[in-house]
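The figures that follow rest on heavy atoms only: side chains count, while hydrogens, waters and symmetry mates do not. Remember, it's 1-based here, ligands and their atoms both numbered in the order they're listed.
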Amino acid sequence: MAKRKSLIAGNWKMYKTVPQAVDLAGRLKSLVSDSVDVDVMVAPPFTALAVVADVLKGSAIHMGGQDLFWEAEGAYTGEVSASMLTATGCTYVIIGHSERRQYFGETNATVNKKIRSALLGGLTPVMCIGESEAERESNQTFSVVQKQLEEGLEGLTSDEVQKITVAYEPVWAIGTGKTATTDQAQEVHEFIRGRIEKAYGDSVANAIRILYGGSAKPENIGDLMAMADIDGALVGGASLNADSFADMVRISIDTVTNKT
Ligand code: 13P
């Protein structure tokens, strides 16, 4: 099986002022020196991207935006384009996070437009999907995830899909301290990879990275990373502390080194 390089990504959400972001990025830079076996990315708020890019210069840590708008430029008050993100040093962008779907009306259709514009702009989209607690309890997990995946990726070529990172984030596990069990997570990751294989073929399915998100922390990252179809994590709360995020990177490197 083709070896996928894992990714540990920190989504800072609406935390960290500029000075706080500089401090966190500086600490991370000194702790995560050389993570050749896993990719590391942080997604600060827009206001801190430029200063964080400056701090991270010369380190192995990549930077991403937390969202973008699909138009190249124009009268879209409050929005940020792909080229604005790349010009600050972003190479990734999170798209369709459940908080954006829940509070800002994002749909699979807007996610699809945003993914296209990210790819066009040379950014790696981290496309978030995941079911709510009610959907899981009514046995709709697979159908919800399948719909998000199919509609989010609609019309994209295999080559484009291969460039995307998927993040499976069960909404009930985000910020709640309730992590999906490793078996629950693996089962959905395997399902997602299976759907991708059906639609885009074996080599795309083997190459695509699928991250887990939802109360990932140093205490559970090793078990999660040991699962066959879990290729990293999108970390919220635990990424706001340099020591705990760096621990997660270290543990992930150890785990993937031993993963067959
Ligand atoms: P927590 O790690 O705080 O649960 O957040 C997960 C998440 O939403 C990452 O995008």
Exercise. Please step through side chain to side chain donor-acceptor pair (under 3.5 Å) for the pair Thr179 and Asn220, ending with a clear verdict.
Key: CA-CA 8 Å; Thr179 325; Asn220 56 29; 3.1 Å; yes
Quiz item: Does Tyr92 have any ring pair (Phe, Tyr, Trp, His ring centres under 6.0 Å) partners at least two apart in sequence or in another chain, and if so, which?
Solution: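 Only His62 meet the ring pair (Phe, Tyr, Trp, His ring centres under 6.0 Å) criterion with Tyr92.
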Self-check item: Listed partners of Phe191 passing ring pair (Phe, Tyr, Trp, His ring centres under 6.0 Å), at least two apart
Solution: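 Counting only residues at least two positions away or on another chain, Phe191 forms a ring pair (Phe, Tyr, Trp, His ring centres under 6.0 Å) with Phe142.
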Practice problem: Report the member of Ala233, Ala167, Cys128, Gly236 with the shortest heavy-atom distance to atom 2 (O) of ligand 1. | Solution: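 Closest candidate by heavy-atom distance is Gly236.
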Between [X] and ligand 1, find which residue part has any heavy-atom pair under 4.0 Å and reply side chain, backbone, both or neither.
| X | value |
| --- | --- |
| Lys13 | side chain |
| Asn11 | side chain |
| Ala173 | backbone |

[X] heavy atoms, cut-off 4.0 Å: which ligand 1 atoms fall inside?
| X | result |
| --- | --- |
| Gly214 | 4 (O), 6 (C) |
| Gly237 | 1 (P), 2 (O), 3 (O) |
| Glu169 | 6 (C), 7 (C), 8 (O), 9 (C), 10 (O) |

Practice problem: May I ask you to check whether Gly175 has an N/O atom sitting below 3.5 Å from an N/O atom of ligand 1? | Solution: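 Indeed, backbone or side chain, Gly175 has an N or O that close.
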Quiz item: Is it the case that one hydrophobic cluster holds both Trp172 and Val145, taking links as side-chain heavy atoms less than 4.5 Å apart, direct or via other members?
Solution: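 No, Trp172 does not connect to Val145 through the hydrophobic network.
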Quiz item: Between Ser143 and Gln140, is any side-chain donor less than 3.5 angstrom from a side-chain acceptor?
Solution: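 No, because no side-chain N or O of Ser143 sits under 3.5 Å from a partner of the opposite role on Gln140.
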Practice problem: Please check if any side-chain donor atom of Asn108 sits under 3.5 Å from a side-chain acceptor atom of Gln148, or the reverse. | Solution: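 Judged by distance alone, the side chains do not pair up.
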Quiz prompt | The single option from Asp67, Thr165, Leu234, Leu68 passing side chain to side chain contact (heavy atoms under 4.5 Å, CB included) against Ile94 | solution =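 The residue from Asp67, Thr165, Leu234, Leu68 that satisfies side chain to side chain contact (heavy atoms under 4.5 Å, CB included) with Ile94 turns out to be Leu234.
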Practice problem: Compute the minimum heavy-atom distance from Ser215 to ligand 1 and say whether it is under 4.0 Å. | Solution: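 Per 4.0 Å heavy-atom rule, Ser215 contacts ligand 1.
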